[in-house]
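What follows is one structure encoded as structure tokens, with my remarks underneath.
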2 protein chains.
Amino acid sequence: MGEARTTPPRRRPSMDDVARVAGVSKGSVSKVIRNAYGLSPAMRARVEAAIAELGYRPSIAARAMRGSSFSIGMEIPNLDIDFFTQIMDGATSRLATSEYQLIIAPERGGANGTRVLESLADRSVDGIIAIAPQVEPEWLEELARDLPIVLIGRHDHSTNYDTLTDDDEAGATLLVDHLLDLGHTRIAHLTVGNQRDRPDAMPPHSLRRMAYETTLARRGLEPFVVETGNRRDEPYRTAKDLLLTDPSITAIFAGNDSLAIDTLRAIAELGMTADDVSVVGYDDIRIASHPLVSLTSVTQFGETMGEIAIDLLLERIRGGRTVAAHRQVRPELRARSSSRAVRAGGRAASRVIERSLADRA
Amino acid sequence: MGEARTTPPRRRPSMDDVARVAGVSKGSVSKVIRNAYGLSPAMRARVEAAIAELGYRPSIAARAMRGSSFSIGMEIPNLDIDFFTQIMDGATSRLATSEYQLIIAPERGGANGTRVLESLADRSVDGIIAIAPQVEPEWLEELARDLPIVLIGRHDHSTNYDTLTDDDEAGATLLVDHLLDLGHTRIAHLTVGNQRDRPDAMPPHSLRRMAYETTLARRGLEPFVVETGNRRDEPYRTAKDLLLTDPSITAIFAGNDSLAIDTLRAIAELGMTADDVSVVGYDDIRIASHPLVSLTSVTQFGETMGEIAIDLLLERIRGGRTVAAHRQVRPELRARSSSRAVRAGGRAASRVIERSLADRA
DNA sequence: TTGAAAGCGATACCAG
DNA sequence: CTGGTATCGCTTTCAA
């Protein structure tokens, strides 16, 4: 006795159901949910009542076929870099009050930015935010002919897509000047070596590197650039090697905070401190301001960037803007205790280093 | 002279176009892209040639209306907590080789987990990963009747959705025992106070707290629980107050690493170190192992959890599993230098504290 | 202002 | 194994 079967499979109510219950046409229901012009208050009331009664929610998939998908794609190089998730955070917080949602597509240090962006386009997203994707400007220009795109980081001179950057040269100059002011003369630059990046795409790290070289040259100092890869602990190893190889270096300008954090790890593990080697980074990620880390950096306001990117997209999607916008954020120095005045006697802790060198043999 | 107009608007090729070019029916094209049974090699070859020729890519929106949307929804409490983005990282890396993509829906410390999950369902996602959402078990049970769901964190006894947890009691016990072994007897517990959580939903922080109380009680020690909110610097303030209020406390068990990091900030800013107050956290976020932080924690393998969650989902989506799975990860202690043997004379740095107290007046 | 009907681009069933 | 056709749930003309 009793009902052994499970409840019958319920179907989500469709627009047809709403129309039937309200005794109106599908078209009118559509107008109501889109808040479109040309319908009487009475009609709106009836429809809204039916919607409430049925608990109707429109299918985004169906809407996407004709109109908007209410989703925005975000290409992101990597999810374990705090700066990137900060941008994501800003973007989602800006979307929180809208019907839009974010589809994330990590590039995974990987080959094909093209493929990633295409897969977003396949989902008929209403717009794309791309954080320094590995794609040709021409290709992006083409894609942007029928899809709003905001490129974050690269300083492309695009005509179809928007760009959002910070003034990387200014930022890097702030940092190098800061180190020079502290009396450093042997300043190394740790950066990512990426053969895939075309020089004319003006990726951030190239600009920072150029500014570094220029600023040093202006004071007649020799640049010392070290490139590293982006596999898990490659930056750490490179930093360690750098420190062991050249004891004359008293300061390291890391191309971003992630590299800087790894550099600080190397320094700490060699038994050194900021008194021995100063470190500055770029991005001002969240942990940088923690007293135990206290990393000098330059902020480009990651979360704000995420918000601006959304705003730029919505201007095109809702506002109908068609001319490309190129927004630039002014970076600000955040001087902290990872950078200190150069010490008279040079580096200490040479015992540690020698021990370390012995270990390697 | 010359063409002033822009190139004509190109339409994405549709399945009809492919069928036409290949000289076959739409249905056959569909079979090819779905890798379905029952078509000759010759047919496949023709179709694939046409696909390549046209650069055809199926529309996900259209596919979503009949079959699969190839997207997975991820409800996440907050994007600025490293542990959560670690899970996300694991999930996306598992999806990297598939056609699936992640749609993220942050709950934003917010009211309505229900609304967030519904908005994912509206997008006809093929499955949902929900990280400790603020929803009633019954409601989730209902939603899970026609949508694969993996709940991370909460230890619900569900019949329709899967759960993925770590053994929070075991983890917390590891930590408290660790502190006891170091000789601490005045151990406070800093946790989040969330009225919205129903006790029978067994959220992680409740279990950790219970284990903390039990373990102390077993040694005849008094528990000391402090609750804090999740607004920006609330945890930091609470930790500072705690330190200033009760100088007898020599160790703090923070309910997660985010709270622990904030506690370390408070400690550092009060001029104290791990010699004065030991701190342990939970989750083992990435920065915890950095030598400058060196936070003792318990790992529940965040990235792995993200991967497992995807696997569970795919088992249901592709494999057709229908019975609920309840997977539990065994947590492991990561003892580091933020926790140290209790000092004979109790806390030092009392001068600093007194100064701080004076400042507050 | 409202309703009817034609698509959007795929999937799935049913003949042949 | 292949082709034709109904269908998914919505948007968008076009008449009335």
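Just so you know, these numbers use all the heavy atoms, side chains as well, and skip hydrogens, waters and symmetry mates. Keep in mind that what you see is a predicted model, and the values were worked out from it rather than measured. Here is how names work: the chains are called A, B, and so on, in the same order as the sequence lines, proteins then strands, and each is numbered from 1.
Residues passing the ring-ring contact (aromatic ring centres under 6.0 Å, His included) test with A:Y56, sequence neighbours excluded: none.
Using a 4.5 Å heavy-atom cutoff, the side chains of A:P137 and A:R154 are in contact.
With rounding to the nearest 0.5 Å, the separation of CD1 in B:I308 from CD1 in B:I129 is 11.0 Å. Separation of atoms CD (A:E307) and CG (A:D89) is listed at 9.0 Å; rounding is to 0.5 Å.
Each end of the helix from C:dT1-D:dA16 to C:dG16-D:dC1 yields a helix axis from five base pairs, and these two axes differ in direction by 40° (to the nearest 10 degrees).
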Could you give the side-chain donor-acceptor pairs of residues 39-53 of chain B under 3.5 Å, partners two or more places apart or in another chain?
unit_1	atom_1	unit_2	atom_2	d
B:S40	OG	B:M43	N	3.1
B:R44	NH2	B:N35	OD1	3.4
B:R46	NE	B:A22	O	3.1
B:R46	NH2	B:A22	O	2.4

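The closest donor-acceptor contact from the side chain of B:E75 to the backbone of B:E107 lies at 3.5 Å or more, if one exists at all. The backbone N or O of A:S30 lies less than 3.5 Å from a partner atom in the side chain of A:R34, making a donor-acceptor pair. With hydrogens and angles disregarded, no donor-acceptor distance shorter than 3.5 Å links the side chain of A:S158 to the backbone of A:N160.
Against DNA chain D, the stretch residues 35-43 of chain B makes heavy-atom approaches under 4.0 Å through B:G38, B:L39, B:S40, B:M43.
Chain B approaches DNA chain C over the interval C:dG9 to C:dA12, counting the first and last nucleotide 5' to 3' with an atom under 4.0 Å from its heavy atoms.
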Treating primed atoms plus P, OP1 and OP2 as sugar-phosphate and everything else as base, which nucleotides of nucleotides 5-16 of chain D get B, S or - for protein heavy atoms under 4.0 Å? --BBBBBB----
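Closest approach of B:M74 to B:F84, counting heavy atoms only: CE-O, 4.4 Å.
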